[in-house]
Amino acid sequence: MELQDAYPAIRAYNAQLLAISVDDRDGARRMQEHASAEFPVLSDADASVTQRYGVFDLLGDAVAAPATFILDANLRIVAGAVGNDIGDRVSAQAILIALRELRGEQA
């Protein structure tokens, strides 16, 4: 999994990667195990978080659209992207570039 492979580099930026699933806890745990993800996969079974971020049911499929948000220490969104379809996801490389740029480093 691309994000798992990039996880050590993301952590090297003192950043934390979280995945949020609208599955229940067992479903989120299975997703984490299936992906062999070392990063947390959190359950948002009532969709309250994905609704708050404005990404729930954007594609008319009753799930969260693929989205990536980078939050600062005050939990403000400082970068983000929302996919136009289920396969439209931000690459791990793009996340690393954004983290470098937010630290003022050249990409």
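Both backbone and side-chain heavy atoms feed into the values below; hydrogens, waters and symmetry mates do not. Since the structure is predicted, the reported quantities are computational estimates derived from the model, not experimental observations.
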Say whether Phe56 and Ile86 are linked into one hydrophobic cluster, either directly or through other cluster members, by side-chain heavy-atom distances under 4.5 angstrom.
-> no
Within 6.0 Å of CZ in Arg103, more than 12 heavy atoms from elsewhere: yes
Item checked: Pairwise side-chain contact, Asp46 with Asp44, heavy-atom cut-off 4.5 Å (strictly under) -> yes
**Asked** Side-chain contact, heavy-atom cut-off 4.5 Å: Leu96 with Tyr13?
**Response** yes
*Derivation of the side chain to side chain contact (heavy atoms under 4.5 Å, CB included) call for Leu102 and Ile70*: CA-CA 10 Å; Leu102 287 167; Ile70 298 175; 3.8 Å; yes
Any chain of hydrophobic side-chain contacts (each under 4.5 Å) joining Leu59 to Val82?
-> no
Taken to the nearest 0.5 Å, the spacing of Ser43 OG from Gln32 CD works out to 12.0 Å
Contacts satisfying salt bridge (charged side-chain N to carboxylate O under 4.0 Å, His left out) that involve residues 12-27 (not counting sequence neighbours) are Asp26-Arg29
Q: Give a yes or no on this: more than 12 heavy atoms of other residues, nucleotides or ligands lie within 6.0 Å of atom CG of Asp85.
A: yes
Practice item. Verify the distance criterion only: is there a donor paired with an acceptor across the side chains of Glu2 and Tyr7 at less than 3.5 Å? Key: no
The complete set of side chain to side chain donor-acceptor pair (under 3.5 Å) pairs with one or both residues in residues 57-83, sequence neighbours excluded, reads Asp72-Arg76
Give the cluster check for Ile95 versus Val78: same hydrophobic cluster or not, with ILVMFWY residues linked at side-chain heavy-atom distances below 4.5 Å. yes
Cluster overlap Leu75 with Val55, hydrophobic side-chain contacts below 4.5 Å: yes
Q.
Measuring only between side-chain heavy atoms, which start at C-beta, is Tyr53 closer than 4.5 Å to Ile20?
A. no
CZ of Phe39 to CG of Leu18, rounded to nearest 0.5 Å, is 9.0 Å
d(Gln4 CD, Ile10 CD1) to nearest 0.5 Å is 9.5 Å
May I ask whether Val49 and Leu58 are part of the same hydrophobic cluster, defined by side-chain heavy atoms of I, L, V, M, F, W, Y residues being less than 4.5 angstrom apart, directly or through others? yes
Would you say Ser48 and Val22 make side-chain contact, with heavy atoms under 4.5 Å? no
Minimal heavy-atom distance between Val41 and Ser21, with the atoms involved, is CG1-CB, 4.4 Å
